[in-house]
Amino acid sequence: MDPIRLDSFDVFVAIVRCAGFRAAALERGVSSSALSQTMNALEETLGIRLLNRTTRSVFPTEAGQRLLERLAPALSDIRLAIAEVDELRDSPSGTLRINAPAPAVDHFLCPLVFDFMDAYSEVKIEIISDAAVIDIVEQGFDAGVRFGKQLAQDMIALPLGPALRYAIVASPDYIARCGHPQTPHELGDHDCVRRRFPGGTLVTWRFNEGGEDIEVTPTGRLTVSSAHNELQAALAGRGIAHVFDDYAKPYVQSGRLVELLSDWSPILPHWFLYYPSRRLPSAAMRAFLDYMRSYNWQARADAVPARVR
């Protein structure tokens with residue numbers, strides 16, 4: 001048997017984890033044909049097919065599944081050994097992959113990462129914006145960002161940024177045409193911009209006043225899939241939007257939007273950055289966690305957020 005390159009096994013695991021050559025190629029920054037050649041060479045050397053390939057999917061054969069079950073912990077041990085060697089370097093290095101919803105990326109993760117990269121020039125960071133709840137270990141991420149209630153029990157979680165709140169906003173033009181709702185119950189008479197999660201469910205609007213919890217399913221002509229588009233619709237006078245306060249703040253301050261029902265807006269939990277408790281973080285990940293713990297979020301809050309164009 002010809003010698004087998006160790007990275008061939010890593011390619012095999014990535015293809016299975018990503019359920020396809022294209023997604024694995026995007027993750028690794030190479031072409032799909034390069035991964036296909038690596039897999040063909042690996043299967044030829046082993047003398048057995050590891051992957052079943054169809055026009056719509058890629059999944060392991062029985063032999064591939066058995067190999068995968070043995071490879072996953074072995075590759076994890078190899079990465080741990082490399083991380084331990086990295087401890088001897090003067091400065092952490094390597095790549096951190098973080099999965100987070102777009103609002104957390106926009107207002108918390110990006111400012112933190114940009115400053116961290118100035119302090120640690122040898123660390124590379126890949127941020128994937130994704131609102132779906134995923135298995136970060138299975139998908140090859142070092143960390144994820146979600147609300148606390150969405151975290152698995154075997155994860156270590158740290159608060160990312162201050163507590164959150166939603167803002168209900170509309171343009172002065174919309175208010176002049178359609179009026180100013182005084183309570184959440186009146187939103188049913190207004191054109192609200194609805195937002196749909198990737199899984200298909202609509203975002204509900206939650207309020208609290210004097211201990212009373214109210215949940216409103218917005219009604220309106222326009223449905224979008226991102227907070228940016230929802231805010232754009234409000235700026236264009238197309239209806240009332242429900243977005244994180246950080247998105248709306250610069251436009252409220254400039255007078256392009258008016259905040260509504262502010263007394264009813266509840267304080268929400270923090271975002272949490274989480275990572276597996278069963279795996280020792282790399283030197284780069286530990287440096288990032290330490291940097292996050294000491295980060296000056298108030299200074300970030302005083303900066304002017306980027307505006308939607």
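These figures come from a predicted structure and were not determined experimentally.
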**Fill in**
Taken in chain and number order and not counting sequence neighbours, the residues that satisfy ring pair (Phe, Tyr, Trp, His ring centres under 6.0 Å) with F12 are none
**side-chain hydrogen bond (donor to acceptor under 3.5 Å, both in side chains) partners for N208, two or more places apart** = D213
**Asked** Among all residues two or more places apart in sequence or in another chain, which pass the salt bridge (Lys or Arg N to Asp or Glu O under 4.0 Å) test with R221?
**Response** none
**Message:** Test of understanding: with side-chain hydrogen bond (donor to acceptor under 3.5 Å, both in side chains), list the residues that count as partners of S262, not counting sequence neighbours.
**Reply:** none
**Prompt:** For residues 109-130, which residue pairs qualify under ring pair (Phe, Tyr, Trp, His ring centres under 6.0 Å), counting only residues two or more places apart or in two chains?
**Reply:** F116-Y120, F116-F288, F116-Y291
**Prompt:** Got a sec, which residues hit salt bridge (Lys or Arg N to Asp or Glu O under 4.0 Å) with E215, two or more places apart in sequence or on another chain?
**Reply:** R206
**Prompt:** Would a 4.5 Å heavy-atom cut-off, applied to side chains only, mark E43 and L46 as touching?
**Reply:** no
**Asked** Of all residues at least two apart in sequence or in a different chain, which pass the side-chain hydrogen bond (donor to acceptor under 3.5 Å, both in side chains) check with T183?
**Response** none
**Prompt:** Using links of under 4.5 Å between side-chain heavy atoms of ILVMFWY residues, direct or through other members, which residues join V224 in one cluster?
**Reply:** V193, L222
**Request:** Any chance you could pull the hydrophobic cluster mates of L202, using side-chain heavy atoms under 4.5 angstrom and chaining through other members?
**Result:** none
**Fill in**
Residues passing the salt bridge (Lys or Arg N to Asp or Glu O under 4.0 Å) test with D115, sequence neighbours excluded, are none
Result block: side-chain N/O donor-acceptor pairs under 3.5 angstrom for residues 235-245, not counting sequence neighbours:
from	atom 1	to	atom 2	distance (Å)
D245	OD1	R165	NH1	3.3

**Message:** Applying side-chain hydrogen bond (donor to acceptor under 3.5 Å, both in side chains), can you list everything that pairs with H185, at least two apart in sequence or on another chain?
**Reply:** none
**Request:** Using the six-membered ring of F141, assess whether NZ or CZ of R97 lies under 6.0 Å from its centre and within 45 degrees of the ring axis.
**Result:** yes
